[in-house]
Trainee: 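Following this message is one structure expressed as structure tokens.
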Amino acid sequence: MALVRLLIPCLVISTDVVYSCQNTEDFVGASSPGDIIIGGLFAIHSEMLHPEEHPIKPVIQNCASFEIQVFLQTLAMIHAIEMINNSTLLHGVTLGYEIYDSCAEVTKAMASALRFLSKFNSSKDIVEFKCNYSDYIPRIKAVIGASYSEVSMAVSRLLALQLIPQVSPASSAEILSDKIRFPSFLRTIPSDFYQTRAMARLICESGWNWIGVIATDDDNGRLALESFGVQAMGNNVCIAFKEMLPAYLSDNTFNAKVDRAIEKIVKESRVNVIVLFMRQFHVLKLFKKAIEKNVNKIWIASDNWSTAVKISTIPNIKQLGIVVGFGFKSGNISTFHDFLRTLREKPTENNKFLREYIMLLSLCAQLDYHDFQMCISNQSQENLMQNAENRHQIWRDNFLIASIEPGFIHSTILAVHAIAHAIKEQCEHRNCKDPSAFTPWELLEELKKVTVLDDDKEIKFDSKGDMSTNYDVLLWKEIDGRMEITTMAEYNTKKDCFIFKDEEKKMEFLELKKVTSTCSQHCRPGQMKKVTESPHTCCYECVHCPENHYSNQTDMHYCSPCNNKTYWAPVNSTTCYRKTVHFLGWTDWFAIFLLLLSAFGIVLVLTISVIFTKNVNTPVVKASGGLIVCYIILFSHLLIFLTTVFFIGEPTEFKCKTRQAVFGISFTLCVSCILIKSLKILLAFSFDPNLQNFLKRVYQPIPIVVTCTGIQVIICTFWLIFRTPFVKPNFSIPRAIILECNEGSIVAFGIMLGYIAVLAFICFIFAFKGRKLPENYNEAKFITFGMLIYFIAWIVFIPVYATTFGKYLSAVEIIVVLISNYGILCCTFLPKCYIVICKQETNTKSAFLKMIYTYSSKSASSVAVSQISLDSKSSGSRATVSDSCKSEKTSANGNCHFQVPEQRLIKGKDPPESTARSRKRLSSI
């Protein structure tokens with residue numbers, strides 16, 4: 001804008017100051033009259049000659065390096081205007097054009113833009129200075145161009161003074177979408193935002209994350225580099241190096257910086273992908289140097305040069321490696337091909353570009369395709385005029401068609417049609433034969449709303465002035481010895497994805513993935529990245545995932561934890577495994593062993609029941625409390641053995657609640673019945689009158705059993721209601737889940753066991769006091785021993801239970817239950833079964849009475865016992881107990897019915913009172 005501020009006061013004076021040039025008409029490159037004039041600004045030449053490093057006079061220099069591709073864009077503009085004029089679109093209104101050469105430099109382009117600002121009805125090229133340009137009618141209604149974003153930025157700022165619409169078919173810099181700074185700029189191509197996003201996505205999906213970028217040191221190159229940097233970061237792609245080349249070939253540091261860029265590429269051996277945001281002539285110079293250095297990489301081409309035929313035809317271009325590029329979406333341009341075939345018939349008086357091209361054909365006619373292009377590009381205008389006078393005109397028919405870059409041609413034609421449709425809307429109610437019918441800013445407003453048909457698809461400018469068409473993803477392939485530019489895929493700008501037309505194209509894309517371009521080796525699944533001291537996140541070390549973490553993709557930044565406690569993972573795992581659920585199963589050998597013990601106990605209980613049932617009337621069975629009490633005790637033992645099945649198999653809520661309650665109540669019932677027996681024994685053999693009276697009052701068998709068992713029922717009921725046991729998974733083992741029953745309340749569990757222990761202890765005391773029962777019927781001492789086994793088992797159980805975990809915790813409980821149950825069962829019933837089966841002679845009434853007599857005799861006072869001994873010695877007629885037995889008649893079964901009259905116990909005296917009472921109580925047991 002500083003340049004504009006300097007030019008306008010000098011070139012625009014209020015009256016007759018005009019643009020200073022030797023011949024202003026020579027300044028126009030191509031023109032055609034019309035009712036409405038459209039301006040064109042293209043970089044026909046890529047270089048401006050600067051004979052002096054620091055010019056003294058403000059002269060516009062000559063240009064060099066004729067650009068065939070840009071020349072074709074001017075022809076596309078001319079062709080589109082002619083097509084519109086030959087159609088009925090504008091109803092008799094003709095379009096004219098004035099096309100200027102910017103020479104790829106802002107200064108030359110600004111000079112051309114001043115021509116666009118001059119008034120249409122002036123005899124001279126006057127640009128008036130005004131505060132308000134609302135009614136100002138310039139000679140140009142709209143401008144197509146420029147070729148490069150840097151030029152478009154400068155020109156757009158100047159055209160914005162009068163809001164002259166500027167529609168560019170090639171300038172893609174993202175900043176041009178800013179309607180505050182560039183209110184009159186529009187374009188028929190997408191913004192660089194989409195191109196850089198597409199590049200970053202391609203690089204990411206190909207598995208590359210360590211790349212180099214080379215760009216031109218101008219506005220377009222810097223902005224593209226900045227946009228790509230943001231997109232690359234979002235796709236986890238790191239830029240290993242950035243190199244900037246001078247924007248102008250005339251810069252004396254250009255070759256040195258190209259050499260430095262090549263050295264950087266060679267030095268960074270891990271970088272195999274290079275992104276180039278450069279103009280075509282920059283890429284040409286860089287590639288020629290890269291071929292000399294035998295550089296072989298993957299080159300990502302921007303839209304500026306992705307379809308450049310003059311680059312794809314460089315000798316030995318295939319040595320550079322693979323070129324993948326992004327080009328603007330093309331349409332049907334067959335009519336343009338027809339236009340080019342008739343181009344030799346077109347007049348050249350008003351088209352200096354065409355005239356120059358024909359001269360270049362004469363100079364370079366004998367060269368092959370690439371050299372022909374190079375020859376054309378390397379001729380200056382002065383050299384052309386000097387050497388072309390004596391040359392014959394030669395026409396190469398298919399050269400221009402072969403040089404077409406379809407995307408640029410299509411977008412140029414699209415720009416002309418957009419302007420034409422906007423003019424049509426303006427002319428519907430106006431006489432457009434008069435150039436003052438409407439102002440440029442009115443055309444701009446209509447242009448923003450216009451809709452154009454492109455291959456039967458409606459497209460229009462968005463709010464940012466862009467046409468967001470898709471990109472073609474291009475692949476340079478060698479076919480029949482020539483490098484062909486083929487379409488590999490399409491990039492959808494709206495969906496941010498690649499669309500492949502067929503499997504063959506997709507395979508071409510997959511082939512690219514075989515090339516690696518990473519700072520570090522890819523981390524395999526089961527590993528994660530560990531960032532090193534490098535400033536780049538793409539440089540890292542691969543470390544194994546720790547235990548219980550996993551990664552199932554390559555290059556993961558972190559290992560994911562297994563999502564809950566039911567899964568686990570070993571070190572370096574790619575997935576989480578479900579933990580094995582452990583419990584004491586039915587097939588476990590230890591469980592089978594315990595079940596066999598329980599089954600044996602059940603069989604033993606049933607066997608004892610049968611034995612006692614068959615011998616119900618024998619003294620031993622009667623002395624055991626009778627059949628009812630024995631059945632209750634045996635039933636309790638049976639239940640306790642059966643509870644072991646609740647400790648085996650997968651724990652359930654029912655099992656957890658049932659097993660402890662059934663065990664507690666059953667054991668309490670068993671101990672209560674044994675307690676009754678202990679009280680009865682003590683009552684039978686206690687000779688203390690006070691204790692006798694107490695025991696008589698206390699000894700109430702049914703109430704005692706019901707009360708003792710009822711208390712345990714209440715304890716278990718409260719336990720199940722308020723703190724019921726439940727199934728709890730135990731995650732303490734890394735790779736397994738232990739399903740176990742949580743007792744709900746350890747206090748309630750302890751109270752239940754403690755209550756049984758209290759009853760067992762009372763039973764133990766009572767049995768201990770009655771331990772001197774006659775030997776063959778000494779149940780008290782076996783009860784004492786059984787209670788001791790119970791105490792020992794459960795005392796040992798407490799520390800073992802507290803320190804054991806896992807599926808065998810249930811086994812520990814089963815063992816304790818079996819030990820205590822077997823101990824009491826065996827001590828209570830096996831001695832009696834032994835007598836019943838093996839010592840039947842003692843299980844008779846006479847033997848029982850003999851035992852009573854013997855025990856009663858021993859229980860008498862020592863004096864009485866001495867007297868009995870003396871009397872038995874002095875009386876020969878009195879027989880001993882054994883002799884008397886022999887003299888008695890035997891019963892039918894051969895047993896001796898030993899009946900001893902009481903008067904025979906002590907001669908001439910009654911038996912002691914205590915002995916009689918003892919006999920009576922024993923008989924009642």
Side-chain angles (χ1 to χ4, degrees), residues 565-566 578-608 634-670 712 716 719-720 723-733 735-746 748-750 752-753 756 789-790 792-826:
K565 293 182 179 180
T566 60
R578 186 178 290 275
K579 289 184 177 181
T580 305
V581 178
H582 286 185
F583 50 83
L584 190 62
W586 297 98
T587 57
D588 190 285
W589 68 270
F590 198 45
I592 294 173
F593 173 72
L594 296 175
L595 286 172
L596 289 175
L597 288 178
S598 298
F600 179 76
I602 293 171
V603 171
L604 185 62
V605 169
L606 296 175
T607 302
I608 294 172
L634 289 171
F635 177 71
S636 301
H637 284 295
L638 180 66
L639 288 179
I640 294 169
F641 281 123
L642 288 175
T643 58
T644 57
V645 300
F646 295 112
F647 291 86
I648 298 174
E650 183 177 355
T652 61
E653 295 291 332
F654 175 75
K655 286 183 179 181
C656 293
K657 293 177 181 178
T658 305
R659 65 183 191 179
Q660 299 294 3
V662 172
F663 165 74
I665 294 171
S666 300
F667 218 98
T668 302
L669 179 62
C670 176
Q712 186 69 287
C716 292
W719 183 13
L720 294 177
R723 295 293 297 275
T724 182
F726 58 91
V727 180
K728 179 183 179 183
N730 187 338
F731 302 103
S732 57
I733 298 178
R735 301 183 181 184
I737 300 174
I738 307 297
L739 280 185
E740 56 189 18
C741 287
N742 186 287
E743 304 304 344
S745 173
I746 296 297
F749 184 46
M752 183 200 76
L753 294 179
I756 297 174
I789 293 175
Y790 168 80
I792 293 171
W794 285 97
I795 289 171
V796 172
F797 165 77
I798 293 172
V800 173
Y801 183 82
T803 57
T804 304
F805 70 95
K807 68 178 183 178
Y808 289 109
L809 181 62
S810 296
V812 171
E813 291 191 60
I814 295 175
I815 291 171
V816 175
V817 169
L818 290 178
I819 291 174
S820 56
N821 203 30
Y822 266 115
I824 294 175
L825 176 67
C826 294

Trainee: Checking side-chain contact (heavy atoms from CB on, under 4.5 Å) against L584, which of L809, L739, I738, I648 comes through?
Mentor: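 Between L584 and the candidates, side-chain contact (heavy atoms from CB on, under 4.5 Å) is satisfied uniquely by I648.
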Trainee: Has Y790 got a side-chain atom pairing as donor or acceptor with I819's backbone, closer than 3.5 angstrom?
Mentor: no
Trainee: Relative to the ring of F590, is the ring of F593 parallel (under 30°), tilted (30 to 60°) or perpendicular (over 60°)?
Mentor: parallel
Trainee: Restricting to non-hydrogen atoms, name the atom on I756 and the atom on G664 that form the minimum distance, rounded to 0.1 Å.
Mentor: CD1-O, 3.8 Å
Trainee: Are side-chain heavy atoms of P725 and W719 found at a separation under 4.5 Å?
Mentor: yes
Trainee: Tell me whether R659 contacts the main-chain N or O of T643 through its side chain, where contact means a donor paired with an acceptor under 3.5 Å.
Mentor: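 Between the backbone of T643 and the side chain of R659 there is no qualifying donor-acceptor contact (under 3.5 Å).
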Trainee: With heavy-atom distances below 4.5 Å as the criterion, would you say the side chains of F726 and C656 are in contact?
Mentor: no
Trainee: Hey, are the side chains of L597 and F641 touching, using non-hydrogen atoms and a 4.5 Å cut-off?
Mentor: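 Not in contact.
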Trainee: Looking only at non-hydrogen atoms, find the nearest pair between V816 and A793 and report the distance.
Mentor: CG1-O, 4.0 Å
Trainee: Got a donor-acceptor contact below 3.5 angstrom from the N821 side chain to the H637 backbone?
Mentor: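 At least one qualifying donor-acceptor pair exists.
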Trainee: Between F663 and W794, does the ring centre distance come in under 6.0 Å?
Mentor: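 Here the rings of W794 and F663 have centres that are less than 6.0 Å from each other.
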Trainee: Atom CG of L720 and atom CD of Q660: how far apart are they, to the nearest 0.5 Å?
Mentor: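 Going from CG on L720 over to CD on Q660, the span is 10.0 Å.
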Trainee: Between OG1 of T607 and CD1 of I602, what distance do you get to the nearest 0.5 Å?
Mentor: 11.5 Å
Trainee: Using the rule given for side-chain contact (heavy atoms from CB on, under 4.5 Å), can you reason through L634 versus L825, listing the C-alpha separation, both sets of side-chain angles and the distance that settles it, and then say yes or no?
Mentor: CA-CA 8 Å; L634 289 171; L825 176 67; 3.9 Å; yes
Trainee: Which value, rounded to the nearest 0.5 Å, describes the distance between I640 atom CD1 and L818 atom CG?
Mentor: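 That separation rounds to 10.0 Å.
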Trainee: Are more than 12 heavy atoms from other residues, nucleotides or ligands located less than 6.0 Å from atom CZ of F749?
Mentor: yes
Trainee: As a quick check of understanding, evaluate side-chain contact (heavy atoms from CB on, under 4.5 Å) for I789 and I824, giving each step before the final call.
Mentor: CA-CA 8 Å; I789 293 175; I824 294 175; over 6 Å; no
Trainee: Is the shortest heavy-atom distance from the side chain of F583 to the side chain of F647 under 4.5 Å?
Mentor: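 Counting from C-beta outward, F583 and F647 never come under 4.5 Å.
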Trainee: In the structure I gave you, are the side-chain heavy atoms of I737 and T580 within less than 4.5 Å of one another anywhere?
Mentor: no
Trainee: Would you call T566 and V581 a side-chain contact if the rule is heavy atoms closer than 4.5 Å?
Mentor: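 Side-chain contact under 4.5 Å: no.
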Trainee: Within the structure provided, determine whether P651 and E740 are in side-chain contact (heavy-atom separation under 4.5 Å).
Mentor: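 With C-beta onward as the side chain, the pair stays apart.
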Trainee: Would a distance-only check, ignoring hydrogens and angles, find a side-chain to backbone donor-acceptor pair under 3.5 Å from S820 to V817?
Mentor: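 Yes, S820 side chain to V817 backbone: donor-acceptor pair under 3.5 Å.
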Trainee: Atom CD1 of I814 and atom OG of S598: how far apart are they, to the nearest 0.5 Å?
Mentor: 6.5 Å
Trainee: Any donor and acceptor pair, going by atom type alone, linking the side chain of Q712 with main-chain N or O of M752 inside 3.5 Å?
Mentor: yes
Trainee: So F646 and F654, would you call those rings parallel, tilted or perpendicular, with 30° and 60° as cut-offs?
Mentor: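 The rings of F646 and F654 stand perpendicular, inter-plane angle above 60°.
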Trainee: Grab the two heavy atoms, one from A591 and one from G585, that are nearest each other, plus how far apart they are.
Mentor: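 The answer is CB-O, 3.1 Å.
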Trainee: Should N742 and V727 count as side-chain neighbours, where that means a heavy-atom distance under 4.5 Å?
Mentor: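 N742 does not reach V727 side chain to side chain.
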Trainee: Enter the distance from F635:CZ to L639:CG here, rounded to the nearest 0.5 Å.
Mentor: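 These two atoms lie 4.0 Å from each other.
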Trainee: Using the rule given for side-chain contact (heavy atoms from CB on, under 4.5 Å), can you reason through L594 versus T644, listing the C-alpha separation, both sets of side-chain angles and the distance that settles it, and then say yes or no?
Mentor: CA-CA 8 Å; L594 296 175; T644 57; over 6 Å; no
Trainee: Mark yes when over 12 heavy atoms from residues, nucleotides or ligands other than F731 sit less than 6.0 Å from its CZ; otherwise mark no.
Mentor: yes
